[in-house]
Amino acid sequence: MAKEYDPKNIEGKWPARHRYAQALAGGQKEVDEYNPQKIEKRWQDHWEKSGIYQAEDDSKKPKYYALVEFPYPSGDGLHVGHVRSYTAMDIVSRKRRMEGFNVLYPIGWDAFGLPTENYAIKTGRQPREITKENTDTFRQQLKSLGLSFDWSREINTTDPKYYKWTQWIFLKFLEKGLAYKAKIPINWCPKDKIGLANEEVVDGHCERCGTPVEQKEKEQWMLAITKYADRLYDDLDTVDYPNRVKIQQKNWIGRSEGVLIKFDDIEIFTTRPDTIFGATFVVIAGKEDKFTGRFVTNPATKEKIPVWEAEYVMSDYGTGAIMGVPADDERDMVFAKKYDLPIVGEYKKAGFEDFGRKVTKYKLRDWVFSRQRYWGEPIPVIHCGKCGVVPVPEKDLPVELPKVEKYEPGPDGESPLANIPEFVNTPCLRCGGPARRETDVMPNWAGSSWYFLRYCDHENEKEFASMQNLKYWMQVDWYNGGMEHTVLHLLYSRFWNKFLYDLKLVSTSEPYKKRTSHGLILAEGGEKMSKSKGNVVNPDTIVKQFGADTLRLYEMFMGPFEQAIAWSEDALVGPRRFLERVWKLSGKTKELFTPYAMICQDVFEKTVEKVSDDIEKMAFNTAISQLMICSNALAKEDFIPTNDFKRFLQLLAPFAPHITEELWQLMGGKDSIHNSKWPKANWVSNPMFIDISVQINGKYRGVIMVKNIATEEEVKNTALSLPEIQKWLNGKEPKKVIVVPRKIISIVT
RNA sequence: GCCGGGAUGGCGGAAUUGGUAGACGCACACGACUCAAAAUCGUGCGGAGUAAUCCAUGAGAGUUCAAUUCUCUCUCCCGGCACCA
């Protein structure tokens with residue numbers, strides 16, 4: 001349709017670079033047209049060269065550690081969802097720098113994982129090469145957005161210098177008995193040929209490919225996260241996370257207090273031991289419902305009650321056996337009715353521990369930590385027939401991933417590493433006899449479980465990070481990420497951090513002081529963006545057509561940050577037009593010898609206040625709206641004092657760093673605007689006269705202007721004397737008058 | 001089933017220690033500029049009515065001088081957990 005806004009038209013106009021005169025009263029200046037393509041790259045290069053976003057490990061300034069989830073560098077490139085999260089924390093980071101903090105806002109690559117490996121198998125290429133290509137693309141894309149990352153601290157989980165320490169931490173788990181091998185039924189995805197953690201199974205299907213998950217008995221490395229269940233649960237009270245995140249983690253850990261009670265040789269678990277006098281049968285976990293033919297004694301009533309097997313009792317929770325109290329439990333009732341078991345309606349209440357001892361049970365299971373795949377950190381142990389499991393000594397770390405020709409896992413799910421004799425066969429490091437290297441690798445959650453620590457000291461070759469740096473930088477002050485990581489990455493990394501804290505290797509028990517979550521960006525129409533549907537928006541296209549500042553502004557303006565929202569190509573022009581108006585406003589500035597705003601006083605001071613507050617609340621949409629209100633007000637003026645305009649630019653700078661830097665420099669700014677001091681409201685507006693609205697019977701009928709210091713009586717008299725109010729009173733005396741100081745007067749007739 | 005979050009113009013959304021509902025933006029309409037179009041600027045924009053005014057925040061009740069905001073009941077939508085004893 002011809003009517004539709006076509007960004008290509010704008011783009012096509014740039015090369016003309018014509019000038020237009022501003023016919024404005026009070027001062028005419030010629031202003032170049034706003035051209036993001038021209039200025040954005042230039043400032044990005046300049047910032048990089050001058051290193052203004054690099055954090056210092058030693059500084060007199062207070063520190064601030066802002067963190068976003070480092071991306072998995074997939075072949076699809078950067079997603080507009082990344083842009084939303086990264087821009088938000090970029091705004092916070094930039095504001096903090098302007099407030100005088102020494103800010104650490106780092107980035108890196110969480111690059112191990114299945115998609116790269118599968119792509120390597122398909123194309124017959126090396127995962128390393130593919131990862132290199134993808135990170136190069138991502139890096140270039142992120143840089144084009146003007147994010148204030150400290151690129152000097154870039155990390156990559158697939159770098160041997162990095163995973164050396166992932167392996168090292170694993171060995172600590174092993175040393176402390178928290179890593180162990182167990183033959184367990186695991187969730188097995190037959191398509192990906194990989195074992196899955198409970199957290200990776202969604203409704204019985206593989207989280208990645210959707211294939212129904214099978215159960216398979218396998219020897220697996222486990223991490224004993226359940227040992228930390230209580231602390232992971234209780235310490236949630238010490239951190240600032242959204243409530244829904246805390247609830248989800250608590251549900252996942254699934255702690256419940258109950259008692260173990262023996263019905264003869266069958267031990268049951270219950271959280272309601274008080275109902276034991278109503279227990280008329282015992283049920284143990286089984287594949288089908290059937291009577292076992294056995295009877296046991298109810299320790300409370302001393303009666304013989306039948307023992308049944310049933311599907312509805314789970315083998316892996318509690319003791320795998322329950323007492324059936326049909327009067328109190330709905331499921332027991334259904335079962336009792338179906339099989340005609342006795343139901344006792346009235347019974348005595350028992351005390352909590354009268355018949356058993358108190359225990360705490362969890363839904364949380366130990367973490368299945370090995371994968372029979374290639375593209376992951378090798379688990380650094382050796383199996384010796386004589387010595388058993390021998391950890392690889394620290395001096396031999398990292399155990400590097402060998403280059404191989406084929407990455408396909410074996411038909412029964414052996415790791416591809418098992419096919420490489422040079423890798424597998426190795427002398428035992430203890431006895432020197434023949435031994436086999438472990439061929440399993442770690443899950444893709446390993447590297448991300450501690451990456452926030454490495455940023456603090458990313459080049460350290462002696463430790464994963466020095467205590468000195470950790471003490472300075474940790475905790476992470478503000479961590480933003482996706483809701484989908486609530487029970488995976490977020491729980492795992494809290495666990496690793498606590499473990500390292502117990503070894504006195506990190507300085508804080510909780511890694512993240514504050515956590516927030518961004519909402520998903522959906523495709524136009526509200527569906528999820530996906531390659532197969534062809535509805536994915538590429539940030540590069542938007543940057544090219546509208547500029548990075550517009551994209552950033554749009555993503556922050558589109559709706560409440562924590563809410564899912566659909567992309568709208570049409571709406572992009574709003575922020576773009578706003579920036580163009582700001583650009584033009586610079587032509588109206590006038591050097592005045594006044595220290596503060598002479599015009600639009602109220603709007604100006606309100607903007608300083610609201611933008612400052614809203615950024616803290618992540619209410620970016622209303623902050624931008626206020627900036628628009630302010631620029632609209634400035635546009636109505638004949639001229640703008642330069643100092644005021646500069647303050648306006650400072651408020652806009654965290655959102656749109658390029659255009660503000662350009663205009664700041666044009667106004668004669670010496671240093672970068674991003675090193676300038678965040679504006680403060682000059683004064684709290686305290687006018688002589690204020691407006692008070694008048695309501696009659698709850699309906700708005702007019703407004704009066706009174707002295708700020710007017711008494712209730714004065715307000716009342718002023719209101720009642722107004723002719724338009726008298727009209728509504730119709731000569732009657734009001735029954736009641738309510739005066740809310742400085743706000744409203746309500747008259748009841 | 002249980003837990004959590006929602007429902008406001010054509011659209012995204014503002015406004016909560018209860019105090020003029022619809023800020024800001026998009027779309028749309030009209031006007032200015034232009035040979036014309038685009039862009040830009042100006043004006044309008046919840047519904048009804050010439051107007052005064054009335055009605056309107058998912059539905060219904062309640063508390064209050066005053067309810068999008070608080071309480072109760074219901075409907076629908078989204079997210080999480082799901083025989084967890």
Side-chain angles (χ1 to χ4, degrees), chain A residues 2-6 9-10 12-13 20 33 202-203 242-252 254-256 258 268-273 275 279 283 285 310-314 316-325 328-332 334-335 361-364 483-484 486-487 519-520 526 553-554 557-560 562-578 580-581 584 619 621-632 635 691-703 727 734-740 742-749:
Chain A
K3 269 185 180 175
E4 264 180 16
Y5 177 80
D6 183 5
N9 283 349
I10 302 180
K13 261 164 71 174
Y20 55 89
E33 212 166 313
V202 177
D203 288 329
N243 218 15
R244 53 186 177 147
V245 171
K246 289 192 184 184
I247 288 167
Q248 270 188 47
Q249 287 211 357
K250 286 186 176 182
N251 286 344
W252 192 262
R255 180 164 79 185
S256 52
I268 63 101
F269 174 73
T270 179
T271 55
R272 294 294 307 278
T275 63
V283 194
E311 219 190 330
Y312 83 93
V313 173
M314 302 178 64
D316 62 347
Y317 185 76
T319 60
I322 62 154
M323 62 179 188
V325 187
D328 195 69
D329 186 284
E330 235 177 276
R331 292 155 306 175
D332 294 347
V334 170
F335 192 76
K361 293 281 176 190
Y362 307 90
K363 282 196 250 180
L364 186 71
M483 276 308 282
E484 70 273 20
T486 299
V487 290
L520 279 182
L553 215 49
Y554 167 66
F557 184 62
M558 64 197 297
E562 66 287 350
Q563 226 171 81
I565 197 153
W567 186 264
S568 164
E569 195 83 29
D570 281 347
L572 262 161
V573 296
R576 171 63 194 242
R577 284 177 191 155
F578 166 63
E580 280 176 15
R581 282 196 293 270
K584 279 189 211 162
N621 54 335
T622 50
I624 292 166
S625 145
Q626 185 61 39
L627 287 164
M628 287 170 169
I629 291 170
C630 189
S631 87
N632 289 347
D691 288 339
I692 301 263
S693 48
V694 184
Q695 285 184 356
I696 296 172
N697 293 331
K699 287 220 160 64
Y700 171 76
R701 294 302 181 195
V703 64
K727 184 182 86 185
K735 272 189 203 141
K736 199 173 171 187
V737 178
I738 297 145
V739 179
V740 183
R742 297 170 61 89
K743 269 192 180 160
I744 206 164
I745 170 166
S746 184
I747 299 163
V748 190
T749 61

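Letters A, B, ... are given to chains in the order of the sequence lines, protein chains preceding strands, and every chain is numbered from 1. Note that this is a predicted model, so its numbers are computed, not measured.
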Hits for side-chain hydrogen bond (donor to acceptor under 3.5 Å, both in side chains) against A:Ser256, two or more places apart or cross-chain, chain-then-number order -> A:Tyr317
Could you tell me which residues satisfy side-chain hydrogen bond (donor to acceptor under 3.5 Å, both in side chains) with A:Asn632, sequence neighbours excluded, listed by chain and number? none
Looking at B:rA23, B:rC81, B:rA85, which one has an atom nearest to any side-chain atom of A:Asp329? B:rA85
Is B:rG31 in the syn range, within 90° of 0, or in the anti range? anti
Could you list all N or O pairs between the protein and nucleotides 14-18 of chain B that sit under 3.5 Å apart?
from, atom 1, to, atom 2, distance (Å)
B:rA14, OP1, A:Asn621, ND2, 3.2

Of the candidates B:rU40, B:rC54, B:rU20, the side chain of A:Arg577 sits closest to B:rU40
Give the nucleotide from the list B:rG80, B:rC26, B:rA85 with an atom nearest to the side chain of A:Asp570. B:rC26
Taking the P atom of each, how far is B:rA27 from B:rC11, in whole Å? 15 Å
Nearest to the side chain of A:Asn632, heavy atoms from C-beta on, is which of B:rU20, B:rC81, B:rG25? B:rG25
Contiguous pairing runs of three or more, Watson-Crick or G-U under 3.5 Å, that involve RNA chain B: B:1-7 with B:75-81, B:10-12 with B:24-26, B:28-32 with B:40-44, B:46-48 with B:53-55, B:58-62 with B:70-74
So, do A:Tyr312 and B:rC83 meet the stacking rule of ring centres under 5.5 Å and planes under 30°? no
Nucleotides 5-7 of chain B: which of its N/O atoms have a protein N/O under 3.5 Å away?
none

Of the listed B:rG19, B:rC81, B:rA85, the closest approach to the A:Ile322 side chain comes from B:rA85
Could you encode protein contacts along nucleotides 63-70 of chain B as a string, one character per nucleotide from 5' to 3', using B for base contact, S for sugar-phosphate-only contact and - for no contact, with a heavy-atom cut-off of under 4.0 Å? --BS----
To the side chain of A:Phe557, which of B:rC26, B:rG4, B:rC24 is closest? B:rC24
